[in-house]
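Notes follow the structure.
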Amino acid sequence: MPSLARGRIGAYPAVMEHATARFRVTGMSCDGCAQRLTRVLQQTPGVEKANVNFAEGRCVVQHDPAAAPRDLLIQRVESAGFHASDDPM
């Protein structure tokens, strides 16, 4: 279900559609890497929440697919120096 975004467009509240993207992330060597990647993803417009787990090598991102499509999320992971692939979970 859509939720209201923080801003307003004209007299109507902005609506953000939600999707959840799951990735396997390789190239992390410590929990600091996971924390840095979490910050990078959360600074991406359209990302509501990101959770990167170093121990499991997984990343879960709640996002607006119109503002932050899956391909953009993968680019952000790779620009931070890691590799993202689809997570079947």
Side-chain angles (χ1 to χ4, degrees):
M1 168 145 202
S3 66
L4 297 180
R6 292 188 177 110
R8 287 185 173 264
I9 299 173
Y12 300 97
V15 176
M16 181 186 289
E17 293 293 328
H18 292 279
T20 301
R22 291 177 171 80
F23 303 106
R24 300 282 293 160
V25 178
T26 57
M28 295 187 294
S29 59
C30 64
D31 194 49
C33 292
Q35 291 173 9
R36 182 168 61 92
L37 182 54
T38 298
R39 282 192 304 275
V40 165
L41 289 167
Q42 288 181 334
Q43 292 171 356
T44 304
V47 171
E48 184 174 317
K49 183 178 181 181
N51 181 17
V52 181
N53 186 308
F54 165 67
E56 294 181 4
R58 287 197 162 97
C59 174
V60 179
V61 183
Q62 293 177 352
H63 65 107
D64 173 358
R70 189 174 185 81
D71 290 345
L72 175 63
L73 300 176
I74 291 172
Q75 288 175 2
R76 296 288 288 162
V77 170
E78 295 189 355
S79 73
F82 309 106
H83 178 71
S85 59
D86 287 327
D87 187 356
M89 293 261 337

Evaluate the side-chain proximity of H63 to E48: yes if any heavy-atom separation is below 4.5 Å, no if none is.
-> no

Does V60 reach the side chain of D87, with side-chain heavy atoms less than 4.5 Å apart?
-> no

Keeping the roles fixed (side chain from R58, backbone from N51), state whether a donor-acceptor pair exists under 3.5 Å.
-> no

Is there a donor-acceptor contact under 3.5 Å from the side chain of R76 to the main chain of Q43?
-> no

Minimal non-hydrogen separation, [X] against [Y], with atom names:
X: A68; Y: P45; answer: CB-O, 3.4 Å
X: F54; Y: C30; answer: CE1-N, 3.3 Å
X: G46; Y: A67; answer: CA-CB, 3.8 Å
X: V25; Y: F82; answer: CG1-CB, 3.9 Å

With D31 via side-chain hydrogen bond (donor to acceptor under 3.5 Å, both in side chains) - residues at least two apart | Q35

Residues in side-chain hydrogen bond (donor to acceptor under 3.5 Å, both in side chains) contact with R70, at least two apart in sequence or another chain | D86

Atom CZ in R24, atom CD in E56: separation rounded to 0.5 Å?
-> 8.5 Å

Side-chain heavy atoms under 4.5 angstrom apart, residues restricted to Ile, Leu, Val, Met, Phe, Trp, Tyr: same cluster for L72 and L37?
-> no

Only one of T20, L41, T44 passes side-chain contact (heavy atoms from CB on, under 4.5 Å) with V61; say which it is.
-> L41

